[in-house]
Amino acid sequence: MTIQRTESIKEFGGFLNRYTHESAVLDCEMTFSVYLPPQAEQGNVPALYWLSGLTCTDDNARTKAGAQRYAAEHGIALIFPDTSPRGDDVADEPDRYDLGKGAGFYVNATQEPWSKHYQMYDYITKELPALLEANLPLIPDVKSISGHSMGGHGALICALKNPDSYQSVSAFSPICNPINCGWGKGCFSAYLGSDGGDESDNGSTWAAYDATALVEAGAKVPDILIEQGLADEFYDEKQLLPENFQAACDKAGQSVTINMQEGYDHSYHFISTFIGEHIAYHAKALKL
């Protein structure tokens, strides 16, 4: 369980580092980035995992979100994984942005040719945290999770399926109900097969990776924070479906705050506007 550092940039008194490693779970070489705040020079710090959206790599959030300033203030490490397995022998649909490389959807694929490499759920929840806590100055088992769009979906399901593993969870413009939107149906049918898609079938393979279905089935965390822009084209296209998630949370008694933000779109302009509030939200939970 070793990592190789390929880049180090000083920011806000800490360091934004990039690493590579051989992933046993994904059966390929992976790249990820970590911001270590200045407090890491004095001892281990808690971590906030950020899961990015469709077409992204580890580079998008670390260069566009403006999160490092706030992470330095609160003494939190930021973890930026990639969004899918990578490599010449990894299955892909190069003519599609919403399937294959850059679109792992944070599930464990069961269907060929995807199942050989696309085990992103296990990578995010098991292999990567163990790797980082063994090699970097992180407090073991003290972490929170957030993300954007497909990554917001990933953050929600990782927390709901592992309530004891994360101190807090938030999301920006998450895909809240993938079994009922085009993006989710396209990826789930490819990665997971034909089982699922019925919103009432909470026992299906698809529903096991759907935040709305998980809440309906009884999954619960202390609290959830979500930002959603009202000028988001994908919100208008019914890809995100936060109202479905809100309804499920209301019925189940799951605490959730969904801030509907007038005029904001799906981009990192939106994320950078509110990232400080989200990091403060996680900092409070991580320091309990």
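In this text, all values refer to a predicted model and were calculated from it rather than measured experimentally. Excluded from the calculations below are hydrogen atoms, water molecules and symmetry mates; all remaining heavy atoms, backbone and side chain alike, are included.
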Margin query: Just so I know, are the side chains of Trp183 and Ser149 near enough to count as touching, which here means a heavy-atom distance under 4.5 Å?
Written below: yes
Margin query: Would you say the ring centers of Tyr264 and Phe274 fall short of 6.0 Å from each other?
Written below: yes
Check: Would you call Thr125 and Tyr166 a side-chain contact if the rule is heavy atoms closer than 4.5 Å?
Finding: yes
Next item on the list: For the residue pair Tyr118 and Gln111, confirm or rule out a side-chain donor-acceptor distance under 3.5 Å.
Entry: no
Next item on the list: Indicate the atoms forming the closest heavy-atom contact of Gln228 with Ser173, along with that distance.
Entry: OE1-CA, 3.4 Å
Checklist line | Flag if over 12 foreign heavy atoms under 6.0 Å of CD, Glu112 | finding: yes
Margin query: Between Arg62 and Glu7, does any NZ, NE, NH1 or NH2 come within less than 4.0 Å of an OD or OE carboxylate oxygen?
Written below: yes
Item checked: Residues forming a side chain to side chain contact (heavy atoms under 4.5 Å, CB included) with Asp265, sequence neighbours excluded -> Ser267, Phe270
Next item on the list: Output all residues satisfying side chain to side chain contact (heavy atoms under 4.5 Å, CB included) with Glu127, sequence neighbours left out; order by chain, then residue number.
Entry: His21, Ser23, Ala24, Val25, Tyr123
Margin query: Less than 4.5 Å apart, side chain to side chain, heavy atoms only: is that true for Pro85 and Met120?
Written below: yes
Check: Side chains of Thr31 and Asp82: do they bring a donor and an acceptor to under 3.5 Å?
Finding: no
Note to self: With no hydrogens and no angle check, just 3.5 Å: does a side-chain donor-acceptor pair link Asn135 and Tyr19?
What the structure shows: no
